[in-house]
> 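Here's a structure for you.
Residue numbers start from 1 in every chain, and the chains themselves are labelled A, B, ... in the order their sequence lines are given, proteins ahead of strands. These values consider heavy atoms only, across backbone and side chains, with no hydrogens, waters or symmetry-generated copies.
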Amino acid sequence: MWSIIRSIAITFTHAFRKRETKDYPEKAPFLPARYRGRIILTRDPDGKERCVACNLCAVACPTDCISLQATEDETGRRYPAFFRINFSRCIYCGYCEEACPTNAIQLTPDFEMAEYHRPNLVYEKEHLLISGPGKYHDYNFYAQAGIEIGGKKKGEGPNEEPPTDVRDLMF
Amino acid sequence: MAIGFIIAIVLLMVITIAAANIYIERRLLSLWQDRRGPNRAGPWGLLQVPADMIKIFLKEDWIPPFADRTVFVIAPTIVMIVTLLSFAVIPFAPNFIVADSNIALLFFLANSSLGVYSVVLAGWASNNKYSLIGAMRGTAQMVSYEVFMGLSLMGVVMLAGGSFNMRQIVESQREMWNVIPQLPAFIVFLIAAVAESHRAPFDLPEAEGELVAGFHTEYSGIKFGMFFVGEYISITLISAAIVTFFFGGWLGPEFLPPFFWFMFKTFIFIAFIILLRASLPRPRYDQFMAVGWKILLPLTLVNILVTAAILLYRG
């Protein structure tokens with residue numbers, strides 16, 4: 001009997017408590033910086049595409065929603081000819097971001113991607129590619145990859161030393 | 001005032017309140033569950049009720065092929081009719097009453113027990129085991145709780161000088177509201193009345209966790225809507241009855257009209273019944289019956305005896 005009255009009273013006090021409801025469309029919810037939402041492709045600080053079309057993201061993807069084709073430009077720099085993410089399949093697990101060796105593919109705290117037609121959820125490279133470097137501002141894969149590319153000789157990168165001619169070491 | 005005018009006003013008002021109860025209940029439940037409740041349709045979600053009504057009117061009104069058609073169609077109307085009829089004897093204000101009858105209280109009790117036919121016939125006509133179990137529960141609940149719902153009011157009748165007239169019952173509370181001398185009767189009547197209108201936590205006939213939806217499992221569209229609105233009308237009815245019998249009806253300070261006081265108190269009890277739904281779980285069926293017969297019935301009888309003894313002693 002007492003517990004019944006007590007539970008009624010407790011329920012009544014809930015009238016004065018904070019609401020659990022998020023007023024979503026009116027007030028944007030707080031999302032942490034590492035929230036896994038819409039996937040983007042980022043660029044180097046100098047504005048070139050980071051993606052080297054290594055296909056590791058497509059391999060890591062549990063739902064096979066990423067497809068891309070590798071190609072090379074005239075300087076030998078690899079890039080994807082097309083890069084396609086089917087967001088109607090994507091589960092936002094972030095494995096592609098983990099797999100990416102060049103920090104090109106990144107997940108962002110944006111989830112408002114609803115569409116009326118399913119084909120609109122297939123994002124091509126021009127939809128995915130952004131103009132900036134994303135979460136990693138200074139990272140430039142080709143500048144420190146140690147390979148000769150786009151006019152840069154071996155050993156001209158910031159943390160690189162000129163290649164040693166091993167035959168010199170013999171004397 | 002002409003009687004037809006009063007009937008029209010009461011009918012319109014009761015149905016409007018019943019519709020408003022849908023909105024009020026959803027808002028209050030959300031208030032007590034730390035939610036916001038309906039707030040999309042119109043300002044503060046006020047258009048939610050018209051939206052719900054449009055939806056329920058346009059839904060397919062399906063009668064199962066295995067159902068008893070005639071009874072199936074009649075059943076939902078009964079609860080509406082008997083609860084609306086009961087409002088005929090509710091005094092909203094000193095001169096605002098449809099039928100100022102000498103047996104108003106008996107009429108109210110009779111109508112509230114007739115309401116069980118809605119449950120029984122719906123459960124029977126549906127030809128569905130869950131509906132039938134719900135109807136059986138409804139019958140047993142009504143039969144047992146009707147007993148002390150009526151008996152608990154006898155103390156009120158005694159205090160009103162043995163009158164079944166609602167107006168005299170209200171007038172007899174001018175000195176002191178009946179809830180003070182008749183507190184046990186009030187508690188019993190409140191429980192029995194909630195049980196009679198099979199509202200949560202005593203919604204055993206529909207018990208969605210156990211019986212799908214109980215007696216209205218097979219109902220859809222506006223027939224289901226009738227049960228739904230009937231339930232809200234009976235909330236309004238029992239709130240109005242509690243106010244009339246125990247909380248001095250229209251009596252209140254002079255600065256506001258009697259009608260206001262009556263509606264104000266009624267809405268407090270509507271809110272309280274919704275609070276009961278928000279806070280209490282549904283008891284097990286046998287527990288519910290045991291409490292009724294083993295606690296509430298003796299309590300009511302003792303209350304009648306004590307009230308009668310005190311009245312006799314005072315002369």
> Show me, pair by pair, the donor and acceptor atoms from chain B and chain A that are under 3.5 Å apart.
from: B:S30; atom 1: O; to: A:R19; atom 2: NH1; distance (Å): 3.3
from: B:L31; atom 1: O; to: A:R19; atom 2: NH1; distance (Å): 3.0
from: B:L31; atom 1: O; to: A:R19; atom 2: NH2; distance (Å): 3.1
from: B:D34; atom 1: O; to: A:E20; atom 2: N; distance (Å): 2.7
from: B:D34; atom 1: OD1; to: A:H14; atom 2: ND1; distance (Å): 3.2
from: B:D34; atom 1: OD2; to: A:H14; atom 2: ND1; distance (Å): 3.1
from: B:R35; atom 1: O; to: A:R19; atom 2: NH1; distance (Å): 2.9
from: B:R36; atom 1: N; to: A:T21; atom 2: OG1; distance (Å): 3.2
from: B:R36; atom 1: NE; to: A:D23; atom 2: OD1; distance (Å): 2.7
from: B:R36; atom 1: NE; to: A:D23; atom 2: OD2; distance (Å): 3.3
from: B:R36; atom 1: NH2; to: A:D23; atom 2: OD2; distance (Å): 3.2
from: B:R40; atom 1: NH1; to: A:E26; atom 2: OE2; distance (Å): 3.4
from: B:R40; atom 1: NH2; to: A:E26; atom 2: OE1; distance (Å): 3.2

> Counting only heavy atoms not in B:F260, do more than 12 fall under 6.0 Å of its CZ?
yes
> Can you list every salt bridge (Lys or Arg N to Asp or Glu O under 4.0 Å) pair that touches residues 178-187 of chain B, not counting sequence neighbours?
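Non-adjacent pairs meeting salt bridge (Lys or Arg N to Asp or Glu O under 4.0 Å): zero.
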> Under 3.5 Å, sequence neighbours excluded: what are the donor-acceptor pairs made by side chains of residues 143-150 of chain B?
from: B:S144; atom 1: OG; to: B:A140; atom 2: O; distance (Å): 2.6
from: B:S144; atom 1: OG; to: B:Q141; atom 2: O; distance (Å): 3.4
from: B:Y145; atom 1: OH; to: B:F288; atom 2: O; distance (Å): 2.9

> Would you please name every residue forming a side-chain contact (heavy atoms from CB on, under 4.5 Å) with B:L276, sequence neighbours left out?
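Partners of B:L276 under the side-chain contact (heavy atoms from CB on, under 4.5 Å) test: A:I8, B:V194, B:P201, B:F272, B:L280.
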